[in-house]
Amino acid sequence: MKRKKSEKRTLLEEGRLIVRGIRIWNEIMPGYLFSQMLYIFAETFSPYFGIYMSARLVDELSGGADKRQLLLLAAVTVSGGFLLAVLTRLLRGWSGIKGEYMIERPEEYILRRQNAHQYEHLENPDIVSLRSKIWTDSISFGGGLFRIRWAVPSLLRGLFNLIFSVSLTVSMIVQTAEGNYKGIFKFVNSPWSAAVLALLLTGAVYFSVRISVRSTQKTQEATSGLSEDSMRLGVYRRLWSPDMTVLGLHSIVLAELHRYNVHPAWVVRVEKVQIRYGSFSIILNAVINIFVFLFVAAKAFIGAFGIGSFILYQGTFGRFIDAVSGLAGELGRLKHNNQYLVRLFQYLDLPNAMYQGTLAVEKRDDIDYEIEFRDVSFRYPRTENWVLRHVNARFKIGDRMTLVGENGSGKTTFVKLLCRLYDPTEGTILLNGIDITKYRYEEYLALFSVVFQDYRLFGFPLGEEVASGVVYDRERVRDCLARAGMGEKLADLDADTEAAEPDTLKRAISRNYDAEAIEFSGGEEQKIAIARALYKDAPFVVLDEPTAALDPLAEAEVYEAFNRMVRNKTSVFVSHRLSSCRFCDKILVFDHGGIVQEGEHDSLVAQTDGKYYQLWRAQAQYYEK
């Protein structure tokens with residue numbers, strides 16, 4: 001697929017993308033690129049040293065050998081070659097140590113930058129799709145930062161080969177033989193031959209780059225759409241559920257796999273491109289090599305230099321041609337890779353428009369905090385629909401508050417605003433009388449422990465999962481698990497003498513990563529999520545319908561048990577079921593994005609014309625004996 005004119009990048013822009021990719025690698029792995037440069041310098045210099053010393057030895061042998069000079073040259077050749085080999089091996093080892101775990105480093109870098117994104121980006125489907133494409137670019141095509149990583153050694157080799165080959169052959173161009181020559185030998189011995197050779201080599205460099213860039217462009221056109229199709233394939237290959245077996249859905253998945261697989265037509269097109277442009281490159285290199293060989297042989301024939309120099313120049317010119325061809329090819333591939341870098345940098349550069357604040361959150365021993373929603377309205381980005389409208393609410397430490405209402409009434413959005421995952425579109429949220437946007441963002445977030453409806457466990461060892469960190473207080477983890485109702489289960493796991501890992505808290509909790517992991521039921525996983533919220537020990541604790549899959553009575557039991565656990569903290573319970581409300585001090589009733597009622601259970605039930613009474617009567621069969 002051809003680029004539109006507006007999408008074309010200048011040579012300078014292409015170069016800036018590549019340079020930024022190199023800088024990121026240097027940031028990810030400080031010192032690695034420098035160690036690579038030293039290693040490749042030594043590795044590339046070694047054969048030139050050998051060629052040069054061999055040429056000197058041949059010249060000495062063919063010109064009436066001086067034994068002392070021969071011995072000196074032989075000693076320098078052997079000792080120099082040995083020292084270079086040792087140095088190269090040491091530098092290679094140093095570079096290897098610097099490059100340890102390089103495969104994981106780009107993903108770590110992206111994750112760290114992603115953690116700095118505002119929450120809005122993580123819920124934006126376009127940005128989620130962009131992140132998936134970046135993953136596909138790197139995994140399926142080795143593109144993006146991975147291509148930069150593998151290109152740098154190739155670029156360094158090409159650059160050093162150019163420097164060394166030009167340094168050793170420049171003297172050949174200016175050397176002339178004494179005497180009068182006619183015809184072609186007169187031309188070879190004149191300065192004009194050097195000019196023609198330089199012009200020919202410049203043309204070879206130009207056409208090599210053009211061939212490489214054109215080949216890359218044609219390959220890109222031949223594989224247009226492959227990235228998106230590969231991303232679909234990755235999803236389809238991971239699909240499995242009992243429905244596929246019982247209902248025969250596997251036939252649809254197989255059809256989609258066939259549809260989006262790498263079609264033979266793409267393979268044929270790519271091979272044709274490689275054959276065509278690869279042949280051009282081979283022919284061009286062959287013509288240049290033949291011309292250079294004849295030129296060097298002619299100069300040696302008329303006596304411009306000896307046999308040793310002939311060997312030297314022939315060898316170094318060959319390396320010069322290979323370096324030019326290699327550099328041209330790598331630059332072409334890097335130009336193609338820039339399409340992946342553009343996507344990556346677009347993701348990394350997502351703006352964080354959320355004001356971070358500068359005020360420190362007051363650390364109070366009495367944890368006396370008050371939150372107030374003052375005429376708050378909100379609508380999600382990219383939509384004109386109001387989710388919350390003119391919401392006013394106030395609660396203090398120790399309050400037991402429940403948010404109730406039908407699905408889509410604005411309860412979860414209220415919680416997201418409370419935790420400052422989003423900022424209000426209109427109105428203000430205050431903490432102890434101060435706009436929460438003025439507080440340091442990380443310090444404000446630290447005030448909240450939340451168990452969301454779509455909570456996730458990540459398969460880490462049990463202790464790390466509860467503590468949300470690799471370093472944790474073992475007794476505190478066990479206490480939180482016990483308070484969350486996992487005491488008996490923990491005792492059973494401790495008594496499991498057949499477990500490969502005797503320490504229960506070090507055992508993983510997902511068999512997706514560890515065959516010896518602990519398997520928990522859905523209810524037990526909910527308790528682990530609650531234990532995780534307890535471990536954070538924040539002043540405000542929120543349960544946003546994490547028990548929605550349970551029946552109403554079971555949900556009510558979980559909420560009441562959790563209410564006992566949090567004791568002197570402010571607890572906010574979110575539910576569309578009213579069974580979770582009866583023990584709370586305050587109930588906020590949401591309807592169509594607004595708070596339509598507020599009060600205790602008994603007083604709200606007594607208001608027979610209110611929304612709460614309507615919901616209560618609709619769900620009464622679940623609660624009344």
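In this text the structure is predicted, and so the values were computed from the model without any measurement.
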Shortest non-hydrogen contact between [X] and [Y], atoms and distance:
X	Y	answer
Thr608	Tyr613	O-CD2, 3.2 Å
Tyr455	Gly522	OH-O, 3.9 Å
Phe345	Ile24	CE2-CD1, 3.5 Å
Leu588	Ala393	CD1-CB, 4.0 Å
Tyr119	Leu421	CB-O, 3.4 Å
Glu465	Leu457	OE2-CA, 3.4 Å

Taking side chain as C-beta onward, heavy atoms only, is [X] less than 4.5 Å from [Y]?
X	Y	value
Leu344	Leu145	yes
Leu493	Phe520	yes
Leu505	Val477	yes
Val605	His601	yes
Glu442	Gln356	no
Phe458	Arg456	yes
Asp503	Arg474	yes
Ile148	Arg20	no

I'd like to check the salt bridge (charged side-chain N to carboxylate O under 4.0 Å, His left out) partners of [X]; sequence neighbours left out, ordered by chain and number.
X	value
Glu464	none
Arg16	none
Asp473	none

So, does [X] use its side chain to make a donor-acceptor pair with the main chain of [Y] at under 3.5 Å?
X	Y	result
Arg400	Lys569	yes
Asn392	Asp375	yes
Asp399	Thr570	no
His121	Pro351	yes
Arg374	Thr428	no
Lys536	Phe448	yes

Inset, instruction - Applying side chain to side chain contact (heavy atoms under 4.5 Å, CB included), run through Tyr472 and Val466 and close with a yes or a no. - result: CA-CA 9 Å; Tyr472 54 87; Val466 173; over 6 Å; no
Which residues pass the side-chain contact (heavy atoms from CB on, under 4.5 Å) test with [X], sequence neighbours left out?
X	answer
Arg440	Ala360, Glu443
Asp479	Arg483
Ala533	Ser449, Val451

Can you measure from [atom1] ([X]) to [atom2] ([Y]) and round to the nearest 0.5 angstrom?
X	Y	atom1	atom2	answer
Ile429	Thr437	CD1	OG1	9.5 Å
Ile434	Leu359	CD1	CG	6.0 Å
Tyr369	Asn432	OH	CG	7.5 Å
Gln118	Asn124	CD	CG	10.0 Å
Lys396	Phe540	NZ	CZ	10.5 Å
Asp492	Met486	CG	CE	10.0 Å

Inset, instruction - Show the numbers, then the answer: is there a side chain to side chain contact (heavy atoms under 4.5 Å, CB included) between Leu430 and Ile371? - result: CA-CA 6 Å; Leu430 307 171; Ile371 294 281; over 6 Å; no
Inset, instruction - Establish, for the pair Arg394 and Phe373, whether the NZ or CZ atom is under 6.0 angstrom from the six-membered ring centre and no further than 45 degrees off its axis. - result: no
Inset, instruction - Take Leu403 and Val572 through the test side chain to side chain contact (heavy atoms under 4.5 Å, CB included) and record every step on the way to the result. - result: CA-CA 7 Å; Leu403 315 182; Val572 179; 4.0 Å; yes
Inset, instruction - State, without any angle test, whether Tyr422 and Arg379 hold a side-chain donor-acceptor pair at a distance under 3.5 Å. - result: no
Legend entry - Asp494 versus Thr504, side-chain donor and acceptor atoms under 3.5 Å: yes
Quiz: residues 591-600 side-chain donor-acceptor pairs under 3.5 angstrom, not counting sequence neighbours:
unit_1: Gln597; atom_1: OE1; unit_2: Lys611; atom_2: N; d: 3.0
unit_1: Gln597; atom_1: OE1; unit_2: Tyr612; atom_2: N; d: 2.7
unit_1: Gln597; atom_1: NE2; unit_2: Gln607; atom_2: OE1; d: 2.8

Inset, instruction - Could you tell me which residues satisfy ring-ring contact (aromatic ring centres under 6.0 Å, His included) with Tyr347, sequence neighbours excluded, listed by chain and number? - result: His117
May I have the list of side-chain donor-acceptor pairs in residues 409-418 shorter than 3.5 Å, sequence neighbours left out?
unit_1: Ser409; atom_1: OG; unit_2: Glu406; atom_2: O; d: 2.7
unit_1: Lys411; atom_1: NZ; unit_2: Gly405; atom_2: O; d: 3.1
unit_1: Lys411; atom_1: NZ; unit_2: Glu406; atom_2: O; d: 3.2
unit_1: Thr412; atom_1: OG1; unit_2: Asp544; atom_2: OD1; d: 3.2
unit_1: Thr412; atom_1: OG1; unit_2: Asp544; atom_2: OD2; d: 3.1
unit_1: Thr413; atom_1: OG1; unit_2: Tyr380; atom_2: OH; d: 2.8
unit_1: Lys416; atom_1: NZ; unit_2: Glu123; atom_2: OE1; d: 3.4
unit_1: Lys416; atom_1: NZ; unit_2: Glu123; atom_2: OE2; d: 2.7

Could you tell me which residues satisfy side chain to side chain donor-acceptor pair (under 3.5 Å) with [X], sequence neighbours excluded, listed by chain and number?
X	value
Asn26	none
Arg389	Ser377, Glu426
Arg420	Asp423

Legend entry - Short N-O contact, Glu120 and Arg382, less than 4.0 angstrom: yes
Inset, instruction - Begin from the C-alpha positions of Leu534 and Leu481 and carry the test side chain to side chain contact (heavy atoms under 4.5 Å, CB included) through to its verdict. - result: CA-CA 9 Å; Leu534 292 172; Leu481 285 167; over 6 Å; no
